[in-house]
There are 2 protein chains.
Amino acid sequence: MTVYGGGGDPKRSLELLWGIQEDRPRRGPKPRFTLDDVVASALAIADAEGLAAVSMRRVASDLGVTAMSLYGYVPGKAELIDLLVDRVVGEVDISAELPDGWRARLEHVARQNWNLSLRHPWLLQVSSSRPVLGPNMIAKYDYELRAVAGLGLTSVEMDLVVTLITDYTHGAARNAVEAAQAGQQTGRTDLEWWEEYAPLLDKVFDPGKYPTAAEVGGEVGAEYQAASDPSRAFEFGLRRVLDGIGALIEGKRG
Amino acid sequence: MTVYGGGGDPKRSLELLWGIQEDRPRRGPKPRFTLDDVVASALAIADAEGLAAVSMRRVASDLGVTAMSLYGYVPGKAELIDLLVDRVVGEVDISAELPDGWRARLEHVARQNWNLSLRHPWLLQVSSSRPVLGPNMIAKYDYELRAVAGLGLTSVEMDLVVTLITDYTHGAARNAVEAAQAGQQTGRTDLEWWEEYAPLLDKVFDPGKYPTAAEVGGEVGAEYQAASDPSRAFEFGLRRVLDGIGALIEGKRG
DNA sequence: TGAAAACTCCCTACGCCGTAGAGTATTGTC
DNA sequence: GACAATACTCTACGGCGTAGGGAGTTTTCA
């Protein structure tokens, strides 16, 4: 359950991210691994067991080495997490041609971010104190900006639109991941959980006091057979957000 | 930097949240504090020094007591965090009359959530595996649903709209808090940070490869004198989201 | 060629963390 | 006054990030 936010020394992180090290050959014994090996090991753990399982000792032992030897590759855990983030951000396929039309393009961007978060749920728990300005992050930012290029928006507006899409997607994905993890953690399906705690909640929850919540909660629960349907919520919200952006773009044209 | 997600035993959390304990008077010595005292102590630490500083030992020592004695009040740290969350959620003023008009109402809801997150930044780092169904959380949910009542939306739609607003606000607040914390953590203003790392980034970043990011990033940086302006981004996005919701509502009417 | 420097990795240790288990003092009930 | 229940303390375990120093390996330079 322990979780780390990025935010090591930004200068050092930048250097590591962009691979400003070189000057091999150096004097001592050759390193047993590359920096990439270390990050890959951490990634495997994060994906399989969550960010909490990513400890220096664990990453090291998976590599067959002691914890302290990692400090030859990375100044500390925070920087390792920064590298981890940029690495999975690199998974987003930014070589693909963007679809035609701003709406399809933004939808594509949103879905890419959504999928990325579901594939690496721990990503949502990394709250970097500064954005990790790694090569993949910048490439992705460029890709996303291109989705709203040529629409008559100012640079600032382009940035704001992309931020809106990614912010919203992030929030929606967070709900989805929480719901999914809750199910697998407790070993119960949503339905089972609902059935177990509904009576307890009933005892304590006064429908007369909160009639709106009671009615909506009841109908929503009945419809989803769960407390929520994050995937549907994402689709719904995305449509509204795109509608809102559409109003902006058309306003610009008129 | 260490952070905890909620998600203790949901049953026990529910009981604590709703105060199903009573059956005092009991036999032994009287407890030195109330459960509220413990939560208040944890809250003070979280607000002042962040969630990472909230350890059982620390909370206890602030109360003048050993760590283990907290386990008489709370089954574990996870449940304490659950209580912490519901407590600050209770700060939202839900007795206030909602403004007239769905748009003003939803805007009000969004701003309340925004302010709550900025007042208690650690809230954004608590990723409960299940929603904390405390009394305050439910009261807030009810309050927020009332903002979209009577508009001809189905229950499910009402829930989706509220989820959209809170999801978006959560994501936007997250950026704001990160930016604010980055400034105070490193003791640098945004401008200073920008000036320090721009040259380093310049050396590594190829504008020819990412012309869109280069141009937009440059103009955005010049306009904000910083990498971003989260507050402005929030306002911008909120307007779009409300526009999108407006389209839905008007579509329902037509 | 041999010494020195540079480097990787290991071992040990410190001060944190959440919390289990057992002990001690205090309080209420019979 | 005896007994049981309770609140709290102490000690300890196994984890964490990482500082410091030592050992062995490889390259460089005299």
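Just so we're on the same page: letters track the sequence lines, and every chain starts at 1.
- Distances from the side chain of M68(A) to the nucleotides dT26(D), dC10(C), dT9(D) place dC10(C) closest.
- Note on ring orientation: taking the six-membered ring where Trp is involved, the planes of Y73(A) and F33(A) are tilted (angle from 30° to 60°).
- Ranking dT9(D), dT18(D), dC9(C) by closeness to the T66(B) side chain, first place goes to dT9(D).
- When the nucleotides dT18(D), dT8(C), dG18(C) are ranked by their closest atom to the side chain of P29(A), dT8(C) comes out on top.
- Residue M56(A) has its side chain nearest to dT18(D) when only dC9(C), dT18(D), dG18(C) are considered.
- Residue-level contact check: S55(A) touches the backbone only, with heavy atoms under 4.0 Å from sugar-phosphate atoms and none from bases.
- The side chain of K30(B) contributes an N or O atom lying less than 4.0 Å from OP1 or OP2 of dG28(C).
- Taking atom CG of residue L51(B) and atom P of nucleotide dG18(C), one finds them 11 Å apart after rounding to whole Å.
- Within 4.0 Å (heavy atoms only), R57(B) reaches at least one base atom of the nucleic acid.
- If you measure from atom CG of L70(B) to atom C1' of dT9(D), you get 12 Å, rounded to the nearest angstrom.
- Checking dG24(D), dC8(D), dT18(D) against every side-chain atom of S69(B), the shortest atom distance belongs to dC8(D).
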Item to check | Pair D159(B)-Y141(B), side-chain hydrogen bond (donor to acceptor under 3.5 Å, both in side chains): steps then yes or no | outcome: CA-CA 9 Å; D159(B) 178 71; Y141(B) 179 56; 2.6 Å; yes
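- In this structure, the NZ atom of K77(A) is 15 Å from the P atom of dG15(D), given to the nearest Å.
- Contact annotation: Y73(A) side-chain N/O to dC9(C) OP1/OP2 distance is under 4.0 Å.
- A donor-acceptor contact shorter than 3.5 Å is absent between the side chain of N136(B) and the backbone of E91(B).
- Per the geometry, CD belonging to E79(A) stands 12 Å off C1' belonging to dG17(D), to the nearest Å.
- Although no hydrogens or angles enter the test, the distance criterion places a donor-acceptor pair under 3.5 Å between the side chain of S117(A) and the main chain of N113(A).
- For R26(B) and dA7(D), the shortest distance from a side-chain N or O to OP1 or OP2 is below 4.0 Å.
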